[in-house]
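See structure below.
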Amino acid sequence: MIRSGEYIRDLFQRPVGESVTARGWVKTRRDSKGIHFVQLNDGSCFQDLQVVIEAGVIPDDTLTAITTGACIAVAGELVESPASGQAVELKASSITIYGMSDPATYPLQKKGHTMEFLREKAHLRPRSNTFGAVFRVRNALSYAIHTFFQERGFLYVHTPVITASDCEGAGAMFGVTTLDMMNLPRTEEGAIDYGQDFFGKPAYLTVSGQLEGEIFALAFSNIYTFGPTFRAENSNTPRHLAEFWMIEPEMAFCDLDDNRALAEEFLKYIIQYVLDRCAPDLEFFNKRIDNTVLQTLEHVASAPFEHITYTDAISILKDSGRNWEFPVYWGADLQSEHERYLTEEKFQRPVVVTDYPKQIKAFYMRDNDDGRTVRAMDVLAPRIGEIIGGSQREERYDVLLEKIRAQRLPEEAYWWYLELRKYGSAPHSGFGLGLERMLMYLTGMKNIRDVIPFPRTPGSAEF
RNA sequence: UCCCCGUUAGCUCAACGGCAGAGCAUUCGGCUGUUAACCGAAGGGUUGGUGGUUCGAAUCCACCACGGGGAGCCA
């Protein structure tokens with residue numbers, strides 16, 4: 001295996017003259033008379049290691065096997081590069097071929113491919129420049145998220161992936177069953193008898209860890225979840241996945257203002273973290289994917305977010321003089337076109353909208369004293385829309401019970417959620433961030449299917 | 001789920017009712033240090049599927065499949 005200090009990114013830091021071995025996959029090869037250049041990459045950094053092979057050093061049959069996609073080890077000496085493009089290069093003295101790659105059939109060429117084509121080659125696309133950069137940034141982002149919360153004393157809690165509570169209420173759920181679909185057990189009334197199923201009742205893949213997160217926040221004060229989430233919505237857009245990763249912090253003794261401040265601090269922290277640690281990858285995105293991405297990230301990391309209430313937002317939209325496809329009136333939910341106007345034209349920065357009408361938000365959000373709005377917040381970002389959704393939770397038993405009844409939700413399913421308000425309740429708040437949405441924002445990638453290793457969408461679960 | 005657009009060589013695209021083409025990739029040859037190298041040549045096609053219109057269909061029509069963009073739902 002490659003040990004710490006032996007990755008290609010480490011070799012760039014070694015002194016000239018040292019004997020080293022590099023292992024990796026051949027990205028391209030260029031030949032001149034009497035000299036060969038091989039770009040080698042092991043995934044550790046964006047930059048390839050240039051291997052120089054002088055005539056006669058390597059046997060001919062080895063040389064022929066060094067083609068795009070092949071896996072090789074190169075032993076040799078680090079030398080100063082006489083040409084521009086890299087400071088050091090590896091002068092080969094011996095080469096081992098681990099795995100050949102027939103150039104007649106290898107699907108990736110050294111010049112550009114469309115994202116759609118590469119998506120069909122999800123087993124090979126991690127070796128490409130774009131996807132190498134995407135997944136290094138994804139890794140750094142994940143680490144930044146943990147670091148942010150851990151530094152602030154938050155407890156990382158693993159909420160369940162399989163849930164038998166049908167009260168999460170955030171969209172269509174995937175069923176989990178071991179029943180024989182060809183021979184379903186029936187009750188006397190003719191319904192499916194889930195009593196005979198694995199869990200003795202219907203079970204699903206989670207759509208959110210929030211409600212369980214609240215349990216832990218009311219014991220550990222500050223907590224966060226970070227795990228996979230599943231939605232069986234038939235959404236066919238570049239911004240939706242059936243399986244995605246979500247981060248959900250939940251804080252006791254926290255009102256909506258604290259919540260909003262934490263969301264802003266959090267976003268700025270993770271953006272700055274990635275700016276600091278993934279500079280070469282981000283430069284690539286800025287050059288090849290979206291030439292505004294660096295400027296946008298630096299701006300967002302430093303400038304304060306805009307904060308308006310929903311009621312303000314409606315006024316602004318009404319006063320804009322635009323003809324909206326969806327009508328703007330108090331009580332209507334904000335549509336994509338409205339969010340885009342606010343973030344991309346009116347304010348040109350992330351905008352936090354708070355205090356939405358209670359009719360368009362979830363039952364668990366805390367009522368404001370005006371009787372018509374709740375303490376909800378959405379963080380809207382230019383280009384991708386809603387990136388964070390959150391709220392202060394209703395902590396008053398009687399009010400929560402009333403809200404559950406008003407929305408005609410099955411009261412008994414929420415018994416434990418209600419008991420949290422009965423025994424030692426506290427004001428608390430939280431929010432959710434979609435990892436892939438954030439990654440789109442960081443990289444400028446246009447389709448969410450290209451920021452997750454193996455995307456799952458309606459009609460598609462390959463690899 | 002709805003509305004548009006697309007599907008032609010390994011890839012990206014042209015040809016839009018009358019002989020199926022180019023660039024890149026691949027192979028071969030050339031080039032004394034290349035940087036998504038360069039120069040020359042060659043090979044490579046059941047035009048997504050099924051039906052229909054027509055003397056003749058990659059091209060027009062219908063349905064299906066797959067992909068993309070927008071919308072809804074949302075993270």
Open item on the list: Taking A:D255 first and then A:R375, would you say they form a salt bridge - that is, a charged N and a carboxylate O separated by under 4.0 Å?
Closed with: no
- [ ] Take atom C1' in B:C4 and the same atom in B:G21, then report the distance between them in whole Å.
- [x] 29 Å
- [ ] For A:N236 and B:G67, give me the distance from atom CG to atom P, rounded to whole Å.
- [x] 9 Å
- [ ] May I ask you to check whether A:F226 and A:H158 place their ring centers less than 6.0 Å from one another?
- [x] no
TODO: Using whole Å, report how far CZ of A:R456 lies from P of B:C74.
DONE: 25 Å
TODO: Using a heavy-atom cut-off of under 4.0 Å over every strand shown, decide if A:T68 touches base, sugar-phosphate, or nothing.
DONE: nothing
Task: A:F266/A:F149 aromatic ring centres below 6.0 Å - done: yes
Open item on the list: Can you tell me if A:M115 has over 12 outside heavy atoms packed within less than 6.0 Å of its CE?
Closed with: yes
Open item on the list: Check A:E395 with A:R366, please: is the shortest side-chain N to carboxylate O separation under 4.0 Å?
Closed with: yes
Open item on the list: In whole Å, I'd like the distance from the CZ atom of A:R239 to the P atom of B:G68.
Closed with: 14 Å
Open item on the list: Short of 4.0 Å, heavy atom to strand atom, which residues of residues 24-38 of chain A count as contacting RNA chain B?
Closed with: A:T28, A:R30, A:D31, A:S32, A:K33, A:I35, A:F37
Task: Per-nucleotide protein contact string for nucleotides 4-11 of chain B (B base, S sugar-phosphate only, - none; heavy atom under 4.0 Å) - done: ------BS
Open item on the list: Taking the nucleotide of RNA chain B with the nearest heavy atom to each, does A:Q335 or A:G459 sit closer to the 5' end?
Closed with: A:G459
Open item on the list: From CG of A:L334 over to C1' of B:C74, roughly how many Å is that when rounded to an integer?
Closed with: 14 Å
Task: Qualifying salt bridge (Lys or Arg N to Asp or Glu O under 4.0 Å) pairs with a residue from residues 42-59 of chain A, counting only residues at least two apart or across chains - done: A:K27-A:D48
Task: Atom-to-atom span, CG of A:D102 to C1' of B:A25 - whole angstrom - done: 13 Å
Task: Contacts of A:H123 that satisfy side-chain contact (heavy atoms from CB on, under 4.5 Å) - sequence neighbours left out - done: A:K121, A:F463
TODO: Write down the distance between CZ (A:R340) and P (B:G72), rounded to a whole number of angstrom.
DONE: 9 Å
Task: Atom CZ of A:F154: over 12 foreign heavy atoms under 6.0 Å - done: yes
Open item on the list: When the C1' atoms of B:U32 and B:A37 are compared, how many Å lie between them, rounded to an integer?
Closed with: 14 Å
TODO: Taking atom C1' in both B:A57 and B:U47, compute the distance separating them and give it to the nearest angstrom.
DONE: 11 Å
- [ ] Scan A:F230 against the nucleic acid and name what it touches under 4.0 Å (heavy atoms): base, sugar-phosphate only, or nothing.
- [x] nothing
TODO: Kindly check if the number of other-residue, nucleotide or ligand heavy atoms within 6.0 Å of NZ (A:K268) is above 12?
DONE: yes
- [ ] Decide yes or no, distance alone: a donor-acceptor N/O pair under 3.5 angstrom between the base of B:G70 and the side-chain of A:E337.
- [x] no
- [ ] Map every base of RNA chain B to its dot-bracket character, where paired means a Watson-Crick or G-U wobble contact with both distances under 3.5 Å and | marks a partner outside the strand.
- [x] (((((((..((((....[..)))).(((((.......))))).....(((((..]....))))))))))))....
Open item on the list: Please classify the nucleic acid contact of A:T229 as base, sugar-phosphate, or nothing, using heavy-atom distances under 4.0 Å.
Closed with: nothing
TODO: For RNA chain B, find the residues of residues 39-67 of chain A with a heavy-atom distance under 4.0 Å and give them by number; none if there aren't any.
DONE: A:Q50
- [ ] Would you indicate whether A:F117, at its atom CZ, is surrounded by more than 12 heavy atoms from other residues, nucleotides or ligands within a distance under 6.0 Å?
- [x] yes
Open item on the list: Are there over 12 heavy-atom neighbours, none belonging to A:D60, within less than 6.0 Å of that residue's CG?
Closed with: no
Open item on the list: Among B:G69, B:U34, B:G72, which nucleotide has an atom closest to any side-chain atom of A:P238?
Closed with: B:G69
Task: B:G48 and B:C13, which share atom name P, separated by this distance in whole Å - done: 14 Å
Task: Spacing of the C1' atoms in B:C66 and B:U8 (rounded, Å) - done: 16 Å
Open item on the list: Taking only the P atom of each, what is the distance from B:C39 to B:U35 in whole angstrom?
Closed with: 11 Å
Task: Ring centre gap for A:F326 and A:H338 strictly below 6.0 Å - done: no
- [ ] Considering only NZ, NE, NH1 and NH2 on the basic side and carboxylate oxygens on the acidic side, decide whether A:E345 and A:R322 come within less than 4.0 Å.
- [x] yes
TODO: Determine the Euclidean distance between corresponding P atoms of B:C73 and B:A58; express it in Å to zero decimal places.
DONE: 44 Å
Open item on the list: Please give the distance between the P atoms of B:G44 and B:A22 as a whole number of Å.
Closed with: 13 Å
Task: For atom NZ of A:K121 and atom C1' of B:A25, their distance in whole Å - done: 14 Å
TODO: Ignoring the backbone of A:P82, work out which of B:G68, B:U1, B:G33 is nearest its side chain.
DONE: B:G33
Open item on the list: From C-beta outward on A:R119, which listed nucleotide comes closest to its side chain: B:A36, B:G67, B:G33?
Closed with: B:G67
Task: A:L241 CG - B:C73 P separation (whole Å) - done: 18 Å
Task: Ion pair check, A:R29 and A:D31, cut-off under 4.0 Å - done: yes
Open item on the list: For A:H240 and A:R449, find the nucleotide of RNA chain B closest to each by heavy atoms; which residue's nucleotide sits nearer the 5' end?
Closed with: A:R449
Open item on the list: Should the side chain of A:S235 and the base of B:C73 be counted as holding a donor-acceptor pair, with the cut-off at 3.5 Å?
Closed with: yes
Open item on the list: Any base atoms under 4.0 Å from A:N129, or only sugar-phosphate, or nothing? Heavy atoms, all strands.
Closed with: nothing
Task: Under-4.0 Å salt bridge between A:E436 and A:R138 - done: yes
Open item on the list: Whether A:R393 and A:E250 form a salt bridge (side-chain N of Lys/Arg under 4.0 Å from carboxylate O of Asp/Glu) is what I want to check.
Closed with: yes
